[in-house]
2 protein chains.
Amino acid sequence: MSTFENLEYSSLLANFKELLKNNSLKFTKQREVVLKTLYERNEHFTPEDLYIFLKSTYPELNIGIATVYRTLNLLEESLMVTSISFGVAGKKFELANKPHHDHMICKTCGLIIEFQNDKIEQLQLEIAKANHFHITSHLMQLRGLCEKCAKEKS
Amino acid sequence: MSTFENLEYSSLLANFKELLKNNSLKFTKQREVVLKTLYERNEHFTPEDLYIFLKSTYPELNIGIATVYRTLNLLEESLMVTSISFGVAGKKFELANKPHHDHMICKTCGLIIEFQNDKIEQLQLEIAKANHFHITSHLMQLRGLCEKCAKEKS
DNA sequence: GTCACTGCAAACGGTTTGCACCTCT
DNA sequence: AGAGGTGCAAACCGTTTGCAGTGAC
């Protein structure tokens, strides 16, 4: 269970500021808009997508893509965002303020459906235990076709 | 269930040759040693690891890394090998001649433990059905520490 | 005023591609 | 002989890093 579950923006922001302070890091406009955008849009962003969005939404900041990467990495290390991996194609990031969940990903249109299943989580723990393995995280993605794309193909 | 499950080398080779013939592709020494190595070593190879192994084991072939990538991609498209992804760090490939399974991966030493659980597979299908999603494949990795590394850390 | 942060551009690492030569069929 | 395959090196693409200038504290 994440420390940041179900927090609203003001609390997330306070957490972020405290985290920065504790590590002698600075609160900047760039870091603020990254967190704000992840919160408000509630989407799965690639660093590239987020960069493009921020570039056009806050042109006065003239944000660089390196800063987007640096901020996402900082937030991920701090467990305030999580990422899902797409193999060689890269990663997508989302804010970690919702309960743990996994993803179904449509191969055709890229739609992401979130789901959560306690029984599977439980079984994973049992399997790990049987193998003397200590789970720190897991990755579960179901890949295939969403309803719309499945219809279009048939 | 894979078409190639439990096949031994001679059958795999025959399948590969037929596949090549059907697509007007040629059977070469390079393609042969890639398949042979994946079969004999029965490991999870990165393209780089496989390249280094082939380079030293068959120096007379003077194999290039591009050929290793091309062959692995060909075999993966043909469903004769599968890959597991490590985010930005790349992929590892293994021969698809064993029954479907998933992986536990030790973050510290890279150890890979294979496991299989019918109940989870069943639950995944149910979840997909409830979301009108048509699964074609799934990815499940448990990440954490193996027994040995967990002991060393404590 | 100091130290961290930023944008920029160059570097990086894994992967793919264009090309001239080679090899399987 | 001809099609496809190969090794090589260059290109590619997402990501990281060095650096000089900027901004938070």
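Per chain, numbering begins at 1; letters A, B, ... match sequence-line order. Values reported hereafter were calculated over all heavy atoms of this structure, with side chains retained and with hydrogens, waters and symmetry mates removed. Here the structure is a predicted model, which means the values were calculated and not measured.
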Quiz item: For B:His103 and B:Gln141, what are the C-alpha separation, side-chain angles and deciding distance, and is it a side-chain hydrogen bond (donor to acceptor under 3.5 Å, both in side chains)?
Solution: CA-CA 5 Å; B:His103 300 94; B:Gln141 295 175 12; 5.8 Å; no
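- Contact check of residues 45-64 of chain A against DNA chain C (heavy atom, cut-off under 4.0 Å) returns A:Leu61, A:Asn62, A:Ile63, A:Gly64.
- Between B:Lys92 and B:Glu43, none of the side-chain N atoms (NZ, or NE/NH1/NH2) sits under 4.0 Å from a carboxylate O, so this pair counts as no salt bridge.
- A:Ile65 places its CD1 atom 12 Å from the P atom of C:dC8, with the value rounded to the nearest Å.
- For the atom pair OG1 (A:Thr82) and CG (A:Leu139), the distance works out to 11.0 Å, reported to the nearest 0.5 Å.
- Ion pairing between A:Glu76 and A:Lys91 holds under the 4.0 Å rule for side-chain N and carboxylate O.
- Residue B:Asn73 has no polar side-chain atom (N or O) positioned under 4.0 Å from OP1 or OP2 of C:dT15.
- Considering CZ of B:Phe27 and CG of B:Leu19, their distance stands at 11.5 Å, rounded to 0.5 Å.
- What you find for A:Leu79 and A:Phe4 is that their closest heavy atoms are O-CD1, 3.3 Å.
- Atoms NZ (B:Lys91) and C1' (C:dT16) sit 13 Å apart, rounded to a whole Å.
- Using a 4.0 Å cut-off on heavy atoms, the residues of residues 17-32 of chain B that approach DNA chain C are B:Lys26, B:Phe27, B:Lys29, listed by number.
- With values rounded to the nearest 0.5 angstrom, A:Ile52 atom CD1 is found 10.5 Å from A:Phe45 atom CZ.
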Which atoms of nucleotides 17-19 of chain D (N or O only) lie under 3.5 Å from a protein N or O atom, and what are those distances?
none

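- Of all the heavy atoms in A:Phe16 and A:Leu35, the pair that sits closest is CD2-CD2, 3.7 Å.
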